[in-house]
Amino acid sequence: MEYAALVETYRALAGTDSTLEKTALLAELFADANETHLPLLVTLCRGTAFPARESAELGISSNLTREAISKATGIGEEEIEDRWRETGDLGDAAAWAVSERTQQALVPTTLDVETVHATLAEIAGYEGEGSQGRRIDAVSRLLSDAEPEEARYLVRTVLGHLRVGVGSGTVRDALAEAFLDGEEADREAVERAYQLTNDYRIVAETARDRGVEGLRAVSIELFRPIELMLAEKSEGIAEAIRDVAEPDEDVLWEYKYDGIRVQVHKRGEEVRVFTRRLEEVTEAFPELASAVREAVSAESALLDAELVGYDRERGRPVAFQQLSRRVRRKYDVEELSETIPTTLHVFDLPFVEGASLLDEPLSERLSRLDPLLSKREGIEHAERLRSRAEDRVREFYEAALAAGHEGVMAKNAGAAYQPGRRVRHVVKVKPAMEPLDLVVTRAQWSEGRRSDYLGRLFLGCYDPEADDFPEVGRLSTGYTDEELAELTALLEPLVTGTEGRRVSLRPELVLEIEYEEIQDSPEYGSGYALRFPRFLRRRDDLAPADADTLSRVEELYDDQ
Ligand code: AMP
């Protein structure tokens, strides 16, 4: 199949805002695809060669891509950079460079989908010395054979921003339309199969060859990570009881641990650990596999759990990001498991001894879990309470906070396990962090659709002693386009310097920011970083020196 044909679909997708039209376009693409192409198209249509569960990364930055464009076209990098700045999209700059190219491939060939797919897969496999050069070569080879439109989408694919507005839900609906009847029940069957496989290649082939029944028969397979069940937020204990259960239903409470959500897959001696985002982290936490082998008596199981790092001396949990440092460590892994030991707090069992428990009530899943999990160093089940009595729950909540945990989870004891869904029958209750008033110190022009806006704002608190605004984080969500336009207009006159897409600013604009947590962080001048900051509103009524101070940030950090 010619790549140009796929590019036609990309163009059509980008040309409409209607989800229905997008779905129809994709359904046609899938329905017409032959055996070989279907599995390639279901990932390429979202701009990647990989299914979600393979967290493969191409490792290609904008700068490398610019170099590759220059190499393929003979156009100088500076000119490409200028175009890029003008349009805010390196794909557009690539299309332009290809149309203006001063050099041609010796033997130009027509790009096909297989070649593009294979090259992307190859790039992801490059490692070690010289891999950067090989990546540039591979991309430039593709670009040498590309027509301008193809170059636009190749570059966007390489950079991971295809910009055709196709989400996972559109692929789901398109598969239901292409191979089933496109009804609600069909979409649900596709979705469930996806949540259990995280792989549209499998889902597409199953839908095509075995229909709805085949999709419904898709189940958990060990070592293929599933999407985990997610919780909603509740305002308080009384609300949580009402949220998760009817008056005659049981509420199960558990400590809410703050660490890394993991799914542990075990078969015999083989144990592998994946995060909620499907990344495999088995090697980063070697102590975990041995704890699971020792403590879990089942031959095969999938445990849903939170992995928490502990401070050995104080016996208290360490901040999340201290633990998350362990995830990417390749060296001293063993040593770190000594300095930041972990405990796996297990709270669910979606699969055991070869059978799925997804449709069993939570109480049943836990009663299967308990006899096969013996408490050992580094592993235990989550602290629990079964009660609807608010005062008892409050004690439990206080105890969780006193032990350094984040809060509690309330769960309907009779509910099934719904992979990948934020469900109302599991809610979290934790103390709210009060918002902070912070000053915008630097900003960065956005890319893509919002490239006219300063979309990424660096935030500082006030340090009265130094009369300075040390940064505590970076904001890129929470505002509407309109608010963003207003903020940009207010910030532009404050620009004091420009470096690439970044600008430094006179610290004048004060914003109210909410966030989930304060972490300590070497990344920012303050030594702290806000986790998940969101824009609440402008505080035009405040002068920069009225912003929250560094010592306030320190206090909040200590209190959480
Ligand atoms: P949040 O990250 O604030 O949306 O809260 C939900 C997360 O809390 C889950 O994804 C888990 O990582 C974590 N968590 C901690 N303890 C539990 C528990 N006992 N049951 C379920 N989730 C938990």
Side-chain angles (χ1 to χ4, degrees), residues 195 225-237 239-240 243-245 250-264 273-279 281 285 288 302-310 316-321 323-324 327 342-350 357-358 361-363 365-366 369-370 373 375 379-387 393 396-397 399-401 403-413 415-433 477 514-519 530-534 560:
Q195 284 160 340
I226 64 167
E227 283 190 9
L228 298 171
M229 181 161 69
L230 304 174
E232 297 215 349
K233 199 174 201 161
S234 198
E235 294 307 319
I237 289 168
E239 290 84 350
D243 285 342
V244 300
D250 269 344
V251 183
L252 178 84
W253 298 86
E254 281 169 351
Y255 279 10
K256 180 177 193 310
Y257 300 93
D258 185 22
I260 300 175
R261 174 80 175 270
V262 291
Q263 45 184 309
V264 181
V273 187
F274 302 87
T275 65
R276 162 176 161 183
R277 315 192 79 173
L278 319 175
E279 189 183 358
V281 293
F285 301 102
L288 189 50
L302 194 168
L303 310 173
D304 188 358
E306 189 85 358
L307 183 67
V308 180
Y310 282 87
R316 291 172 68 86
V318 299
F320 156 80
Q321 98 282 3
L323 174 68
S324 70
V327 173
T342 56
T343 295
L344 186 74
H345 298 278
V346 184
F347 49 73
D348 217 320
L349 182 72
L357 300 185
L358 293 172
L362 173 63
S363 53
R365 298 196 302 276
L366 293 180
L369 172 68
D370 290 349
L373 177 68
K375 185 173 164 168
I379 185 167
E380 61 190 42
H381 69 60
E383 216 45 67
R384 290 181 202 142
L385 170 76
R386 210 164 171 152
S387 174
V393 175
F396 185 71
Y397 177 64
L401 295 180
H405 302 299
E406 237 191 323
V408 290
M409 309 287 298
K411 305 182 177 183
N412 183 320
Y417 192 104
Q418 287 172 272
R421 292 269 174 89
R422 230 167 242 296
V423 291
R424 202 63 195 146
H425 57 74
V426 179
V427 300
K428 53 197 172 193
V429 183
K430 57 183 187 180
M433 295 294 288
T477 50
E514 74 174 353
Y515 55 92
E516 292 226 349
E517 190 191 0
I518 303 176
Q519 311 175 321
L530 303 184
R531 189 166 170 212
F532 304 131
R534 286 182 66 77
Q560 60 192 359

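Owing to the predicted nature of the structure, the values given are computational and were not obtained by experimental measurement. One-based numbering along the sequence shown. Order of listing sets the numbers, starting from 1, for every ligand and every atom in it.
Taking the six-membered ring for Trp and thresholds of 30 and 60 degrees, His405 and Tyr255 have ring planes inclined between 30 and 60 degrees apart.
Using a 4.0 Å cut-off between charged nitrogen and carboxylate oxygen, Arg424 and Glu232 count as a salt-bridge pair. Salt bridge status for Asp258 with Lys430: absent, with no side-chain N to carboxylate O gap under 4.0 Å.
The main-chain N or O of Ser387 is found under 3.5 Å from a side-chain atom of Trp253 such that the two form a donor-acceptor pair.
Using a 4.0 Å heavy-atom criterion, the residues that approach ligand 1 are Glu254, Tyr255, Lys256, Tyr257, Arg261, Arg276, Glu306, Phe347, Met409, Lys411, Lys428, Lys430.
Side-chain atoms of His381 and Glu254 include no donor-acceptor pair closer than 3.5 Å.
For Tyr417, the side-chain hydrogen bond (donor to acceptor under 3.5 Å, both in side chains) partners at least two apart in sequence or on another chain are Asp304.
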